[in-house]
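Reading through the structure tokens given below for one structure.
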Amino acid sequence: MTPSAPQITMGGRAPPFFVAEEDRAAVVHPIAHVLPDTYRGWPLRIGRDALPLEHRVEITTLSVWCVSQLGVDPLARPLTPTEWLVLPQ
């Protein structure tokens, strides 16, 4: 892989797991330790290059996810009808 090559992680992906910000730290550690390495033959922990095997469950808040995926936090303020209609699909 060259330095300019994108980092692509192959394999399945779980949907995000949304928690309140104050609960995030309490949830991340237990999930990392209770997930098995595989489920029905499919890997749940994936490593790449020199990185260790890790689960790929995204544990985040709804606000952080909305900003990362939509560019706006609809929980911070109501969206206008125009903003709602131009959100990416």
Side-chain angles (χ1 to χ4, degrees):
M1 182 177 298
T2 65
S4 62
Q7 294 293 320
I8 299 173
T9 302
M10 305 302 286
R13 183 178 175 125
F17 184 79
F18 298 116
V19 296
E21 182 60 42
E22 60 271 13
D23 298 331
R24 188 176 179 281
V27 172
V28 171
H29 184 74
I31 286 181
H33 288 83
V34 299
L35 282 176
D37 290 338
T38 62
Y39 177 75
R40 294 188 178 185
W42 293 93
L44 295 180
R45 298 178 188 275
I46 301 170
R48 68 171 184 244
D49 300 333
L51 298 176
L53 293 176
E54 296 179 334
H55 70 78
R56 297 292 183 221
V57 177
E58 180 182 2
I59 302 167
T60 187
T61 66
L62 184 56
S63 292
V64 169
W65 185 85
C66 286
V67 170
S68 72
Q69 299 298 310
L70 305 174
V72 64
D73 180 2
L75 302 176
R77 65 171 177 78
L79 298 177
T80 67
T82 302
E83 288 173 320
W84 178 255
L85 291 171
V86 299
L87 286 175
Q89 294 185 14

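Just the heavy atoms: all of them, side chains too, but no hydrogens, waters or symmetry mates, feed the values below. Positions are given from 1 along the sequence. All values reported here derive from a predicted model rather than from experimental measurement.
Looking at Arg24, its side chain does come within 3.5 Å of a backbone N or O of Ile59 through a donor-acceptor pair.
Under the side chain to side chain donor-acceptor pair (under 3.5 Å) criterion, Thr38 pairs with no residue, sequence neighbours left out. Under the side chain to side chain donor-acceptor pair (under 3.5 Å) criterion, Ser68 pairs with no residue at all, not counting sequence neighbours. Qualifying side chain to side chain contact (heavy atoms under 4.5 Å, CB included) partners for Ala20, counting only residues two or more places apart in sequence or in other chains: Glu22, Asp23. Considering only residues two or more places apart in sequence or on other chains, Glu21 meets the salt bridge (charged side-chain N to carboxylate O under 4.0 Å, His left out) condition with none of them.
For residues 74-88, the pairs satisfying side-chain hydrogen bond (donor to acceptor under 3.5 Å, both in side chains) are Arg77-Glu83, Thr80-Glu83, with sequence neighbours left out. Applying the salt bridge (charged side-chain N to carboxylate O under 4.0 Å, His left out) test to every pair with at least one member in residues 66-75, sequence neighbours left out, gives no pairs at all.
Hydrophobic cluster of Val64: no remaining members, since no ILVMFWY side chain lies below 4.5 Å from it. In the hydrophobic clustering, where aliphatic and aromatic side chains (Ile, Leu, Val, Met, Phe, Trp, Tyr) are joined below 4.5 Å either directly or transitively, Phe18 groups with Leu62, Trp65, Leu75.
Hydrophobic clustering of Ile, Leu, Val, Met, Phe, Trp and Tyr side chains at less than 4.5 Å, counting indirect connections, keeps Val67 apart from Val72.
Closest of all the heavy-atom pairs between Leu70 and Pro88 is CD2-O, 4.0 Å.
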